[in-house]
Amino acid sequence: SHPQKKSAPQSSASCKDCRENINKVLELYSGAWKKQEASYQTFRSQLSTKCHGFEKATITQTNTPVGTKLVYDGDRKRTLQVNLEIFSTFYKGHPFPNKTWHTCAVVGNGGILANSSCGKMIDSAEFVIRCNLPPLSNGYEKHVGIKTDLVTANPSILLEKFGGLMGRRRMFVESLRSYSHSLLLLPAFSFAHNTPVSLRAFYTLEDFESPIRPIFFNPGYLKSLALFWRSQGLRTVRLSTGIIMTSLALELCDNVQLYGFWPFDVHPHSFQTLTNHYYDDRKTKTKFHAMPDEFNHLLRLHTQGVLKLHLGECK
Ligand code: CDP
């Protein structure tokens, strides 16, 4: 039977009664996976033609000179003219080497990762991307690994967990130790209120001489990525961090492997109830994100051999 001919599963934000839905996913997912070089190259060149992630995903002193007018991608009415002070916080040089990585693991935070034993497989990737400062110790290592080359942080975490970095900041710096000398990617110019707290994160890491390398998302890239996915038929207010990082990985890496992407609350194989994250049960804001729809797109790319989606346990 031909996977492409089957219809995509119905999306639903809550999946309390969705065995049928999951069975459809499994039908599309089952069978040996093989990378399809031609499909991968086509998708990748579409992405890089429209979004230029390699050059433009992050703000650097090279691609964003003093005087540039940045347009906030989450609030297009707001702009910011880059002055010397802001410029001095921009990344010097280029964050990504001028070669494609052989394998990248993009680790989503889905509860499906709990007890997955995928840690070793994740850590074997040449470049490991994680989202939103997820915990890696206290027994999670075995399932999610520890290697981190790039980790994102939503300013909401900085506000909730570290008091917006307005008071003592050592805890913040220490909590980042588990990510060794990773890049810390912040959406500093997505909403105007993200900027001051992102700059405080930058200054904190510099003042404490942390090996973590802060870097900012380029709002122009995020805007073009939103348009790209809209042209693919995805309707959502905001792209999730996971699909943003997957898109970037498809430009930077020959083989893209996804873990922890499963926005449903029952396990696809055991049908056990899952928490939303592997470390807590905080819910996704369905007002902004359309993760089940995003998942259908990622599943499509899996069936086309563009990327590999890992569901279930790693052996
Ligand atoms: O900040 P955001 O809500 O985008 O992400 P998160 O909850 O910290 O999780 C990181 C990413 O993992 C998300 O952006 C999703 O792409 C993915 N995820 C998923 O596929 N299924 C889940 N149950 C939770 C997260």
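Atoms within each ligand, like the ligands themselves, are counted from 1 in listed order. Along the sequence shown, residues carry numbers from 1. Atom set for the values below is all heavy atoms of this structure, side chains included, hydrogens, waters and symmetry mates excluded.
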Item to check | Ring centers of His52, Tyr221 separated by less than 6.0 Å | outcome: no
Checklist outcome for this item: Ranking Leu239, Leu274, Asn109 by closest non-hydrogen atom to atom 9 (O) of ligand 1, top hit is Asn109
Checklist entry - Taking the minimum heavy-atom distance to atom 18 (N) of ligand 1, which of Ser156, Gly242, Gly260, Pro263 ranks first? => result Gly260
Next on the checklist: With a 4.5 Å cut-off on side-chain heavy atoms, are Leu252 and Phe54 touching?
Outcome noted: yes
Next on the checklist: Under 6.0 Å between ring centres: does that hold for Phe295 and Phe264?
Outcome noted: yes
Checklist outcome for this item: Near Cys131 (heavy-atom distance under 4.0 Å), the atoms of ligand 1 are 10 (C)
Next on the checklist: With a 6.0 Å cut-off on the ring centroids, do Tyr140 and Tyr278 count as close?
Outcome noted: yes
Next on the checklist: Would Ser240 and Glu294 count as a side chain to side chain donor-acceptor pair (under 3.5 Å) here? Give the steps.
Outcome noted: CA-CA 8 Å; Ser240 78; Glu294 287 184 358; 2.6 Å; yes
Checklist outcome for this item: One finds that the ligand 1 atoms under 4.0 Å from a non-hydrogen atom of Asn132 are 1 (O), 2 (P), 5 (O), 6 (P), 8 (O)
Item to check | Minimum side-chain heavy-atom gap Phe96-Trp101 below 4.5 Å | outcome: yes
Checklist entry - Does atom NZ of Lys283 have more than 12 heavy-atom neighbours from other groups under 6.0 Å away? => result yes
Checklist outcome for this item: closest protein heavy atom to atom 16 (O) of ligand 1 is Ser240 OG, 3.0 Å
Checklist entry - Are His310 and Phe261 an aromatic pair by the rule of ring centers under 6.0 Å? => result no
Item to check | The one among Lys285, Met291, His277 that brings a heavy atom closest to atom 13 (C) of ligand 1 | outcome: Met291
Checklist entry - Near Gly108, which atoms of ligand 1 are under 4.0 Å from a heavy atom of that residue? => result 12 (O)
Checklist entry - Which ligand 1 atoms does His289 reach within 4.0 Å, using its non-hydrogen atoms? => result 3 (O), 4 (O)
Checklist entry - Heavy-atom contacts under 4.0 Å between Trp262 and ligand 1: side chain, backbone, both, or neither? => result backbone
Checklist entry - Does Thr284 come within less than 4.0 angstrom of ligand 1, counting non-hydrogen atoms of the residue? => result no
Checklist entry - For ligand 1, which atoms sit closer than 4.0 Å to a heavy atom of Thr241? => result 1 (O), 2 (P), 4 (O), 14 (O)
Item to check | Proximity winner for atom 24 (C) of ligand 1, if only heavy atoms of Thr275, Asp281, Asn276 are counted | outcome: Asn276
Checklist entry - Asn154 heavy atoms, cut-off 4.0 Å: which ligand 1 atoms fall inside? => result 1 (O)
Item to check | Ionic contact status for Glu37 with Lys35, cut-off 4.0 Å | outcome: yes
Checklist entry - Among protein heavy atoms, which sits nearest to atom 25 (C) of ligand 1, and what does the distance come to when rounded to 0.1 Å? => result Gly110 N, 3.8 Å
